[in-house]
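These figures come from a predicted structure and were not determined experimentally. One is the number of the first residue; the rest follow in order along the sequence.
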Amino acid sequence: MEYVEVLKHLAPCGLDCSRCADYENGEIKELSTRLLKMLTGYQRVARMKAAVHPEFADYEKFEKILAYFSQGACGGCRSDNVRCFVTCAARTCHRERGVDFCFQCPDYPCDKEFFAPLKKNWRIRNDRMKEIGVVEYFNEYRKMPRY
């Protein structure tokens, strides 16, 4: 995959927006929509199964979560349609600094505020991109679980 194509997937911080559960064109949205359709009417069966398998007593909760995933509506951190619940400095800073990724900034690593759990991983992702290149990082990252 070419660098320009990778930009469509990776956020400035290095996360893969296209694999996010909220991504509007992502596989999670596609699979959730398909599964929700395939399970139409399953509530009746779930109620019967709940007598033997108690986990089915919560089927409605599962269905609501699946419905939520099927509504993926975020365009990703590089789009104008960002609906991420995490506020990230990289989302706007990269535009202000004229770079595609944080590691490309002359001030990297900086002291910008990040959602605490992401700060360490932000550094790991950007250091790795700097080390092996963006396309190679993307190919490597795609093999790992998103969450």
Can you name the closest pair of heavy atoms from [X] and [Y] and give their distance?
| X | Y | answer |
| --- | --- | --- |
| G75 | Y23 | O-CE1, 3.4 Å |
| C20 | I28 | C-CD1, 4.1 Å |
| F69 | A21 | CE2-CB, 3.5 Å |
| L36 | S70 | CD2-OG, 3.8 Å |
| C93 | K112 | SG-CE, 3.5 Å |
| S79 | G76 | OG-O, 2.8 Å |

### Query
For the ring pair H9 and F138, is the centre-to-centre distance below 6.0 Å?
yes
### Task
Flag the pair W122 / Y108 as yes when their ring centroid distance falls below 6.0 Å, and as no otherwise.
yes
### Heavy-atom side-chain proximity of Y141 to R128 below 4.5 angstrom
no
### Query
How about C74 and E24: do any of their side-chain heavy atoms sit closer than 4.5 Å?
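A side-chain contact under 4.5 Å is absent here.
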### Query
Are any of the side-chain nitrogens in D16 or R19 under 4.0 Å away from the carboxylate oxygens of its partner?
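A salt bridge is present here (some side-chain N lies under 4.0 Å from a carboxylate O).
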### Query
Does a salt bridge link R97 with D107, judged by any charged N lying under 4.0 Å from a carboxylate O?
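So R97 pairs with D107 through a salt bridge.
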Would you say the side-chain atoms of [X] pair up with the backbone N or O of [Y], donor to acceptor, closer than 3.5 Å?
| X | Y | result |
| --- | --- | --- |
| R78 | L10 | yes |
| Q104 | D100 | yes |
| Y68 | D22 | no |
| E5 | E2 | no |

#### Entry: Audit row: M129, N126, side chain to side chain contact (heavy atoms under 4.5 Å, CB included) steps and yes/no
CA-CA 5 Å; M129 282 190 282; N126 275 275; 3.6 Å; yes
Over 12 non-hydrogen atoms of neighbours within 6.0 angstrom of [atom1] in [X]:
| X | atom1 | value |
| --- | --- | --- |
| E136 | CD | yes |
| R34 | CZ | no |
| Y3 | OH | yes |

### Message
Walk me through whether R83 and N81 qualify under side chain to side chain donor-acceptor pair (under 3.5 Å).
### Response
CA-CA 6 Å; R83 298 200 178 167; N81 180 31; 3.2 Å; yes
#### Entry: side chain to side chain contact (heavy atoms under 4.5 Å, CB included) between R123 and C102, worked out
CA-CA 9 Å; R123 182 73 189 265; C102 295; over 6 Å; no
### S18 vs R142, side chain to side chain contact (heavy atoms under 4.5 Å, CB included): CA-CA, chis, key distance, verdict
CA-CA 10 Å; S18 69; R142 295 289 285 182; 3.3 Å; yes
Give the cluster check for [X] versus [Y]: same hydrophobic cluster or not, with ILVMFWY residues linked at side-chain heavy-atom distances below 4.5 Å.
| X | Y | result |
| --- | --- | --- |
| M1 | F101 | yes |
| F103 | V135 | yes |
| V6 | I132 | yes |

### Summary
In this structure, CG of N25 is separated from SG of C17 (nearest 0.5 Å) by 12.0 Å
### Query
Just how far is it from atom CG of L15 to atom SG of C77, taken to the nearest 0.5 Å?
7.5 Å
N/O donor-acceptor pairs under 3.5 Å from side chains in residues 46-65, not counting sequence neighbours:
unit_1	atom_1	unit_2	atom_2	d
K49	NZ	Y42	OH	3.2
E63	OE1	Q43	NE2	3.0
E63	OE2	Q43	NE2	2.8

